[in-house]
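All of these numbers come straight from a predicted model, not from anything done at the bench. Below, chains carry the letters A, B, ... as their sequence lines are ordered, and counting in each starts from 1.
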Amino acid sequence: MELSKTYNPQEVEKKIYPLWEKSGYFGPNEKADGEPFVIAIPPPNVTGELHMGHALNNTLQDVLVRQKRMEGRPTLWIPGTDHAGIATQYKVEQKLQKEGVSRFDLGREKFVEKVWEWKDQYEATILGQLKKLGVSCDWSRTRFTMDEGYSKAVLTAFKHYWDKGYIYRGERVVNWCPRCHTSLSDLEIEHEEEKTKLYWIKYGPFVLATTRPETKLGDTAVAVHPSDERYRDMVGKKYMIPGVLGEFEITVVADEAVDPAFGSGAIKVTPAHDATDYDISVRHHLPMKQIIDTDGKMMENCGKYVGMTTLEARSAIVADMAEMELIDHIDEGYIHNSSQCYRCHSVIEPIPSLQWFLKMTELVKPAIEAVKSGDIKIIPEQYAGTALHWMENIRDWCISRQIWWGHRLPVWYKQGEISNLKSQISKLENQPSVDDYVVSLESPGEGYAQSEDVLDTWFSSALWPFATLGWPESQENKKLKKQENKATDLERFYPNSINITDRGIINLWEVRMIFSGLEFMGKAPFHTVYINPTVFNREGKRMSKSLGTGIDPLDLIAKYGADATRFGLCYQTTGTPDIKFSEDVLQMAKTFMNKIWNATRFVLMKLDGYEQRGELKFTVNTDADREIQEKFSSLKKFYNDNLEKYRFGQAAEEIYHFFWHQFCDVYIEKTKEQIPFPLPENHDEKLVKDTKDNLLYVLKNCLILLHPIIPFVTEEIYQTLPIDGKKEFLIVEKWTA
RNA sequence: GGGCGGUUAGCUCAGUUGGUUAGAGCGUCUCGUUUACACCGAGAAGGCCGCGGGUUCGAAUCCCCCACCGCCCACCA
């Protein structure tokens, strides 16, 4: 077969991928023994297309998976996608908004239908993109976090926690996104520095500093530090405070949470609309007065300010206070952190509402132990600290969300649900008793209505390493497999081997998989976590579609080919936490693909119709032979060592250097002497034959080593080599250790 | 506010436990059309290894301080 003069990646990629898929080699080899190598893909959100982070993340996974497969281990890479609750719902809402429709216009059922349509479309796009990248997932096992089996797993987990007493419902001040209209967990909040005004307000006998004067309408106390001499005599007393809606009463309390160095050392306490103040109010049994509703607007108890947004109310109230000479002074340019929704970036309003929580303290203990003991190795190791720090300071997890896209809680109410969207004055004591609802996977029967709430999307992602393998397993399935004398997927492939992901979701996802795996399977879900670098653009800025700083991996694949894209990404993965992505490297990689291609053309030309027979061996006749043999053997050592340590960049650089500057520049040049052209009458037949074998030997073994990184071009070339006893595909060639 | 990471050639980065003249790719310059490849070959220029101290016979590498950039965590209102 004749190879064209330049390598055409698009043609080859289109041809090769379907052949691999049909071969069945992407699935685990049933005959292979040895410890299975298993990865569950970090499921991309069905919110849109893949970005550079995905391209890198999946390339690295594929490198490992392909290498282990060639080592002969049973290998399984499970693909799938994540329903991504709030994020996807937000996307669909935006799309509807362009058509002038809100989710409330459609109603829950119709809206959810729309989201399923969206999901079908983007799931197909994403899986297609992964294939273009060349990843070797077992597509027959593709999962979705809301497919039937997976949903059952999610509800089973909820029921398990409930039965164990780990889940409770309660009214708390939670992070509320007024745009998404839902609660959020602490991890779903982003903090951004912001310049604002610090208002020093006259407050009865106090002057105190606040950034949110509008919350004065919900104040029930003033807090000071217990050791603060200035206010010692006032603690425990009640005062009437003049306000824009008339006088109101506050209690002075002493609490450690107050920083005496801030402002005047006294702070106003708004239990309903600030997490710190809420905690203080619980400690001191202070009344709670809600003044902001779920739209982020002032409630009926706010007199003339009713219906205003908090920002509108702020300026109105400040103006009125100024008129009443209640403003002492205002500091401009005060810098503080504003809390935002991690999906739509609206400002978070803390508000009281009825939510479901998962108790974390006990759950997280074995996970802390697993990370500390090294049962789970986190690489690079500095990230173990990130996980440990979070787990050691963990708070209960708010797992209920007031959106429509997701797993509805397996909670059934007898008399209709008491809304968690209360916009009335809160009454902590007014919680429903357990008798009012039943937790059950199935409807308990007539007269019961299922909870309107859905679960935090991360509640389901936390189960990914085992739910994708069929947990919770039915007894029937187990029996069936036993009759066939086979193990179930869950038995064979849990725990996974490694999880590769981005540092941004170490606590959001990684930690939650770890404690879930330990809780439900009794074993850590994987023994290694590898945190891949984050891809930034050349200026070191986050790649973002909306900022126009993003690069579409598909464009790169179209321009340089999938192999060059993969090689370029690996090459830049050198162990640093960031990659400032350089397209030059992809051009270099593309040139390298062409070099490999042309070296092959040369070797085939030198072979001149020679068909290798028997075991392919390397024979040393000359100094050049000896040199390349030595260099190759040291390459193998360092290459394997670097892959073992996830030093992808160093591995790529080494084989690049060997192939180009040793094999091509030196050895191939030498073979022009060892196999002279034209061949003279009296040529050394043994030397000529041995040199042909040597060329084939080095080339073939380089292809093997290169294949995990650049699968397409190596496969295409492998198919053309006249080697005896060749495998059907390079994918399953024996690894060169 | 706490923690972590980065700072090496014009650009993107290596530099494994401290040890001769600090390396690669891209870019630049010079030369070269041989049986693969001009997406090629041979060669060259280019670096107070962020700043300032310290340890050492010897520091890009170990310690301390500072600066700038980035990330994670956080109930300073």
Asks: So, Arg503(A) side chain and Pro577(A) main chain: donor-acceptor pair closer than 3.5 Å or not?
Replies: yes
Asks: Under 4.0 Å, heavy atoms only, any strand: does Thr215(A) hit a base, just the sugar-phosphate, or nothing?
Replies: nothing
Asks: Can you confirm if the aromatic rings of Phe658(A) and Phe632(A) lie within a centre distance of less than 6.0 Å?
Replies: yes
Asks: Under a 3.5 Å limit for both distances, which nucleotide forms a Watson-Crick or G-U wobble pair with C73(B), could you say?
Replies: G1(B)
Asks: Determine whether a donor-acceptor pair (one donor, one acceptor, N or O, separation below 3.5 Å) exists between the side chain of Glu669(A) and the base of A36(B).
Replies: yes
Asks: Starting at atom CD1 of Ile655(A), determine the distance to atom P of A24(B), rounded to an integer number of angstrom.
Replies: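 Those two atoms, CD1 and P, are 19 Å apart.
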Asks: Between C39(B), G41(B), U12(B), spot the one nearest the side chain of Ser582(A), thanks.
Replies: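 Closest of the options to the side chain of Ser582(A): U12(B).
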Asks: Between Glu654(A) and Gln650(A), is any side-chain donor less than 3.5 angstrom from a side-chain acceptor?
Replies: no
Asks: Please give the distance between the P atoms of G52(B) and C57(B) as a whole number of Å.
Replies: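 Per the computed distance, 23 Å lies between those P atoms.
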Asks: OP1 or OP2 of G15(B) versus the side-chain N and O atoms of Thr574(A): is any pair under 4.0 Å?
Replies: no
Asks: Would you say Arg395(A) reaches C73(B)'s phosphate, i.e. side-chain N/O to OP1/OP2 under 4.0 Å?
Replies: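 For C73(B), OP1/OP2 do not have a side-chain N/O of Arg395(A) under 4.0 Å.
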Asks: Mind checking Lys590(A) for me? I need base, sugar-phosphate or nothing, with any heavy atom below 4.0 Å counting as a touch.
Replies: base
Asks: Does the base of C37(B) carry an N or O that pairs as donor and acceptor with the side chain of Lys595(A) under 3.5 Å?
Replies: yes
Asks: Using whole Å, report how far CG of Leu388(A) lies from P of G3(B).
Replies: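 That distance rounds to 16 Å.
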Asks: Looking only at N and O atoms, is any donor in the side chain of Asn393(A) or the base of A74(B) less than 3.5 Å from an acceptor on the other one?
Replies: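 Per atom types, no contact qualifies.
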Asks: If the C1' atom of A45(B) is compared with that of G10(B), how far apart are they to the nearest Å?
Replies: 13 Å
Asks: If you check the Asp665(A) side chain, which of U35(B), U12(B), G41(B) turns out closest?
Replies: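 It is G41(B).
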Asks: If we take the P atom in both C29(B) and A22(B), what is their distance in whole Å?
Replies: 26 Å
Asks: Find the partner of C68(B): check Watson-Crick (N1-N3 plus N6-O4 or O6-N4) and G-U wobble (N1-O2, O6-N3) distances, both under 3.5 Å, and reply none if neither fits.
Replies: G6(B)
Asks: Measuring from the side chain of Thr386(A) (C-beta onward, heavy atoms only), which nucleotide among G5(B), C72(B), U12(B) has the closest atom?
Replies: C72(B)
Asks: Looking across every strand, which nucleic acid part, if any, lies under 4.0 Å from Leu187(A) by heavy atom: base, sugar-phosphate, or nothing?
Replies: sugar-phosphate
Asks: Here's a test of your reading of the structure: between His389(A) and Cys664(A), which maps to the more 5' nucleotide of RNA chain B?
Replies: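 Mapping each residue to its closest nucleotide by heavy atoms, the 5'-most match is Cys664(A).
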Asks: Separation of Trp597(A) atom CH2 from A38(B) atom P, in whole Å?
Replies: 15 Å
Asks: Rounded to whole angstroms, how far apart are CD on Gln674(A) and P on U34(B)?
Replies: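 So the two atoms are 22 Å apart, to the nearest Å.
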Asks: Respond yes when some side-chain nitrogen or oxygen of His191(A) is under 4.0 Å from OP1 or OP2 of C76(B), and no when none is.
Replies: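 For C76(B), OP1/OP2 do not have a side-chain N/O of His191(A) under 4.0 Å.
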Asks: Mind calculating the distance between CG (Asp584(A)) and P (G10(B)) to the nearest angstrom?
Replies: 16 Å
Asks: Of the options C13(B), G70(B), A14(B), whose atoms approach the side-chain atoms of Lys580(A) most closely?
Replies: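 Selected nucleotide (nearest to the side chain): C13(B).
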Asks: Whole angstroms only, please: what is the OH-P distance between Tyr656(A) and A14(B)?
Replies: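 These atoms are roughly 17 Å apart.
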Asks: Is it true that atom CD of Gln10(A) has more than 12 heavy atoms of other residues, nucleotides or ligands lying nearer than 6.0 Å?
Replies: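 Check passes, neighbour count above 12.
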Asks: For Tyr199(A), report the nucleic acid contact type (base, sugar-phosphate, nothing); a contact means any heavy atom under 4.0 Å.
Replies: nothing
Asks: Between G5(B) and G47(B), how far is it from one C1' atom to the other, in whole Å?
Replies: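 Here G5(B) and G47(B) have their C1' atoms 24 Å from each other.
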Asks: Does a side-chain N or O from Gln382(A) land closer than 4.0 Å to OP1 or OP2 of C72(B), or not?
Replies: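 Checking C72(B) against Gln382(A), no side-chain N or O comes under 4.0 Å of OP1 or OP2.
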Asks: Identify whether any heavy atom of His661(A) sits under 4.0 Å from a base atom; if not, whether one sits that close to sugar-phosphate; answer base, sugar-phosphate or nothing.
Replies: sugar-phosphate
Asks: Of all the choices, G15(B), U35(B), G70(B), which nucleotide is nearest to the side chain of Lys672(A) once you look at every atom?
Replies: U35(B)
Asks: Is there a donor-acceptor pair closer than 3.5 Å between any side-chain N or O of Asp328(A) and the backbone N or O of Ile201(A)?
Replies: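 Checked: no pair found.
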Asks: Between C26(B) and G41(B), how many Å separate the two P atoms, rounded to a whole number?
Replies: 9 Å
Asks: With hydrogens left out and only the distance checked, is there a donor-acceptor pair under 3.5 Å joining Lys606(A)'s side chain and the base of U35(B)?
Replies: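 Side chain to base: pair found, below 3.5 Å.
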Asks: Rounded to the nearest Å, what distance is computed from the CZ atom of residue Phe592(A) to the C1' atom of nucleotide C40(B)?
Replies: 15 Å
Asks: Answer yes or no: does a side-chain N or O of Trp390(A) lie under 4.0 Å from OP1 or OP2 of G3(B)?
Replies: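 No, no such contact exists.
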Asks: Could you state the atom-to-atom distance from OH of Tyr646(A) to P of A14(B) in whole Å?
Replies: 19 Å
Asks: So if I take every side-chain heavy atom of Ala599(A) and compare against A36(B), U12(B), A24(B), which nucleotide ends up nearest?
Replies: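 Selected nucleotide: A36(B).
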Asks: Out of C39(B), G25(B), A14(B), which has the shortest distance to the side chain of Thr576(A)?
Replies: A14(B)
Asks: Determine whether a donor-acceptor pair (N or O, by modelled atom type, separation under 3.5 Å) exists between the side chain of Asn598(A) and the backbone of Asn594(A).
Replies: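 Answer holds: yes.
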Asks: Among G70(B), G15(B), C39(B), which nucleotide has an atom closest to any side-chain atom of Arg647(A)?
Replies: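 So the nucleotide nearest the side chain must be G15(B).
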Asks: Restricting to pairs with a member in residues 257-268 of chain A, which pass salt bridge (charged side-chain N to carboxylate O under 4.0 Å, His left out), not counting sequence neighbours?
Replies: Asp219(A)-Lys268(A)
Asks: Under 4.0 Å between any heavy atoms, over every strand shown, what does Asn594(A) touch: base, sugar-phosphate, or nothing? Just pick one.
Replies: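 Touches a base.
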Asks: For Asp259(A), which contact category applies under a 4.0 Å heavy-atom criterion: base, sugar-phosphate, or nothing?
Replies: base
Asks: According to salt bridge (charged side-chain N to carboxylate O under 4.0 Å, His left out), who are the partners of Asp279(A), at least two apart in sequence or on a separate chain?
Replies: Arg395(A)
Asks: Strictly by modelled atom types, are Asp625(A) and Gln674(A) linked by a side-chain donor-acceptor pair under 3.5 Å?
Replies: yes
Asks: Quote, to the nearest angstrom, the C1' distance that separates U61(B) from C49(B).
Replies: 10 Å
Asks: Given the C1' atoms of A59(B) and G18(B), what is the spacing between them in whole Å?
Replies: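 So the two C1' atoms sit 6 Å from each other.
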Asks: Of Asp578(A) and Thr211(A), whose nearest nucleotide on RNA chain B comes first from the 5' end?
Replies: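 Whichever sits nearer the 5' end wins; that is Asp578(A).
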Asks: Expressed in whole Å, how much space separates the P atoms belonging to U56(B) and U12(B)?
Replies: 38 Å
Asks: Considering every strand and a 4.0 Å limit on heavy-atom distances, what is the contact class for Asp186(A): base, sugar-phosphate, or nothing?
Replies: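 Touches nothing.
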